[in-house]
**Student:** 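For reference, the structure I am asking about is given below.
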Amino acid sequence: MLPTGKLPADLLQHLLAGLPPDPRVLIGAAYGEDAAVLAGSGEECWVVTTDPITFAADHLGWYLVQVNANDIAVMGANPEFLTATLLFPSGSTTPRTVEACFDQIRRACHDLGIAWIGGHTEITTAVTQPVACGQMIGRVSRSRLVTSSGARAGDDLVLAGWLGIEGTAILARDTQLLFDPGIGITRAARLICDTIRPHAMHDPTEGGLATAVREMAIASGVGVMLFNQPLPVLDATRAVCEQFGVDVLGLLSSGSILIACDPADTAALLAAAPAATCIGRLVPASKGFHIGDRPLPSFDRDELARVTEPPP
């Protein structure tokens, strides 16, 4: 039985290897990439992503916009258009439930300058709690496009934002953390791209920082050496990690951005990006994945799922 969460990396890579190439697709489905990139007219590129929300009923619509916009933003693009499929459980859904979700989507899209252009809404016996799936489209010029696969050996690895915010909000039942410091990174990503030319960016989600680091490194064909130093973690996150026996390296971490950059740009990045910390360096692939003098741990499932859901 497969565990809750992302597909195992080897299975996903196997499945994606069978997709046929298309000359209109600049970046297709690939392990570690946050979105696909399609050729537009001239230097323009269209960036396309999709992400579901399956656990945040109280803020379903707001969550939906943020996580999809995050994937667009770390590609260096501006999120512009959203479609949404909203599934609500039969027998427990009121008009007010649906109205609240619609209102959250409208407000979040307005805040980020995104047009909500369509989708599908349904009451169904196929779900026992609300489920939302979004598709978002953004634009960027080819010269400003950022990928997960552009990291280079010798790059500094910088983390902007706090680790484990999303996982902490769920474990601590503190929804205020979702808004402050928040899990949306669209504005932070724009600031980063206006300050430097990052070689790669990635959105740490399920599996936390350790999984995001591996995804970026594997996509880029490099290894990773994380410094043996304290990571940027809120006191609230330390508390829930201790209470639940959770390793923050594997905890759901929307709200942070992983950045690979030329060491010459690191000082400017640290000065500009919110709560930014240089956490390591990218090395040749032959050196593998380490944190200090020990191997970087891997997580078959997110630490949040491990402590909140029964094993498969």
Side-chain angles (χ1 to χ4, degrees), residues 6-7 9-52 65-84 112-115 117-118 133-155 157-158 160 185-205 211-222 257-262 265 282 285:
K6 292 182 178 181
L7 288 178
D10 55 349
L11 175 58
L12 179 59
Q13 289 173 295
H14 167 72
L15 294 171
L16 295 180
L19 297 179
D22 187 307
R24 298 167 295 180
V25 179
L26 303 180
I27 298 175
Y31 178 75
E33 291 292 0
D34 290 288
V37 181
L38 309 178
S41 59
E43 286 295 300
E44 185 179 74
C45 300
W46 292 99
V47 181
V48 184
T49 192
T50 183
D51 247 328
V65 176
Q66 301 300 326
V67 298
N68 280 280
N70 286 355
D71 282 349
I72 298 293
V74 294
M75 304 292 285
N78 291 319
E80 295 190 24
F81 304 103
L82 172 75
T83 61
L112 294 176
I114 297 164
I117 59 174
C133 186
Q135 181 185 62
M136 193 166 286
I137 303 173
R139 282 187 292 184
V140 66
S141 67
R142 292 197 189 199
S143 64
R144 303 295 293 188
L145 178 66
V146 183
T147 67
S148 294
S149 58
R152 310 166 189 174
D155 280 353
L157 196 59
V158 173
I185 58 174
T186 300
R187 291 186 175 89
R190 288 173 182 164
L191 176 62
I192 291 165
C193 291
D194 287 343
T195 302
I196 67 166
R197 292 292 183 92
H199 292 163
M201 293 198 296
H202 196 32
D203 176 25
T205 53
T211 300
V213 164
R214 288 177 182 275
E215 288 174 345
M216 176 186 281
I218 291 172
S220 301
V222 297
I257 310 174
L258 189 63
I259 309 137
C261 67
D262 190 305
D265 291 330
L282 298 174

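Values in this document were obtained by computation on a predicted structure and should not be read as measured data.
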**Student:** Taking C-beta and beyond as the side chain, do Leu258 and Val213 meet within less than 4.5 Å on heavy atoms?
**Tutor:** yes

**Student:** Does Glu33 reach the main-chain N or O of Ser149 with its side chain, forming a donor-acceptor pair under 3.5 Å?
**Tutor:** yes

**Student:** Rounded to the nearest 0.5 Å, what's the gap from CG on Asp71 to CD1 on Ile185? Could you check?
**Tutor:** 8.0 Å

**Student:** For Asp34 and His202, run side chain to side chain contact (heavy atoms under 4.5 Å, CB included): C-alpha distance rounded to whole Å, both residues' side-chain angles, the deciding distance at 0.1 Å, then the answer.
**Tutor:** CA-CA 7 Å; Asp34 290 288; His202 196 32; 2.7 Å; yes

**Student:** Would you find a donor on one side and an acceptor on the other, under 3.5 Å apart, between the side chain of Thr50 and the backbone of Gly134?
**Tutor:** yes

**Student:** Tell me the closest heavy-atom pair linking Met75 and Ile27, and the distance in Å.
**Tutor:** CE-CD1, 4.4 Å

**Student:** What's the separation between atom CG in Leu12 and atom CD in Glu215, rounded to the nearest 0.5 Å?
**Tutor:** 8.5 Å

**Student:** Kindly give the heavy-atom pair with the smallest separation between Gly76 and Val140, and that separation in Å.
**Tutor:** O-CG2, 3.2 Å

**Student:** Rounded at 0.5 Å granularity, tell me how far CZ in Arg152 sits from SG in Cys261.
**Tutor:** 11.0 Å

**Student:** What is the minimum heavy-atom distance between Val47 and Ile72, and which atoms define it?
**Tutor:** O-CD1, 3.3 Å

**Student:** My understanding is that only residues two or more places apart in sequence, or in another chain, count here; which of them pass side-chain contact (heavy atoms from CB on, under 4.5 Å) with Val48?
**Tutor:** Leu38, Gln135, Ile137

**Student:** Do Leu282 and Ser220 have side chains that get closer than 4.5 Å, going by heavy atoms?
**Tutor:** no

**Student:** Over all heavy atoms of both residues, which pair between Ala73 and Met201 is shortest? Give the atoms and the distance, please.
**Tutor:** O-CE, 3.8 Å

**Student:** Walk me through whether Thr186 and Asn70 qualify under side chain to side chain contact (heavy atoms under 4.5 Å, CB included).
**Tutor:** CA-CA 6 Å; Thr186 300; Asn70 286 355; 4.2 Å; yes

**Student:** Would Val67 and Thr205 count as a side chain to side chain contact (heavy atoms under 4.5 Å, CB included) here? Give the steps.
**Tutor:** CA-CA 9 Å; Val67 298; Thr205 53; over 6 Å; no

**Student:** Rounded to the nearest 0.5 Å, what separation is found between the OG1 atom of Thr83 and the CD1 atom of Ile117?
**Tutor:** 6.0 Å

**Student:** Arg197: what forms a side-chain contact (heavy atoms from CB on, under 4.5 Å) with it, not counting sequence neighbours?
**Tutor:** Arg144

**Student:** Mind listing the closest non-hydrogen atom pair of Pro79 and Arg190 along with its distance?
**Tutor:** CD-NH2, 4.0 Å

**Student:** Going from OH on Tyr31 to CG on Leu15, what distance comes out if it is rounded to the nearest 0.5 angstrom?
**Tutor:** 13.5 Å

**Student:** Between Gln66 and Leu112, is a side chain to side chain contact (heavy atoms under 4.5 Å, CB included) present by the stated rule, with each step listed?
**Tutor:** CA-CA 9 Å; Gln66 301 300 326; Leu112 294 176; 4.1 Å; yes

**Student:** Any heavy-atom pair between the side chains of Val37 and Arg142 that's under 4.5 Å?
**Tutor:** no

**Student:** Are Arg139 and Trp46 packed together at the side-chain level, in the sense that at least one heavy-atom pair is separated by less than 4.5 angstrom?
**Tutor:** yes

**Student:** To the closest 0.5 Å, what do you measure between CD (Glu80) and CD1 (Ile114)?
**Tutor:** 9.0 Å

**Student:** Does Gly32 offer a backbone N or O that forms a donor-acceptor pair with the side chain of Ser148 under 3.5 Å?
**Tutor:** yes

**Student:** Report yes if the side chains of Gln13 and Ile218 come closer than 4.5 Å at any heavy-atom pair, otherwise no.
**Tutor:** yes

**Student:** Do Ile192 and Ile257 touch side chain to side chain, with heavy atoms closer than 4.5 Å?
**Tutor:** yes

**Student:** With sequence neighbours left out, write down each residue that passes side-chain contact (heavy atoms from CB on, under 4.5 Å) with Ala153, or none if nothing qualifies.
**Tutor:** Val222, Pro284

**Student:** Using every non-hydrogen atom in the two residues, find where Ala151 and Ala200 come nearest and quote the distance to one decimal.
**Tutor:** N-CB, 3.5 Å

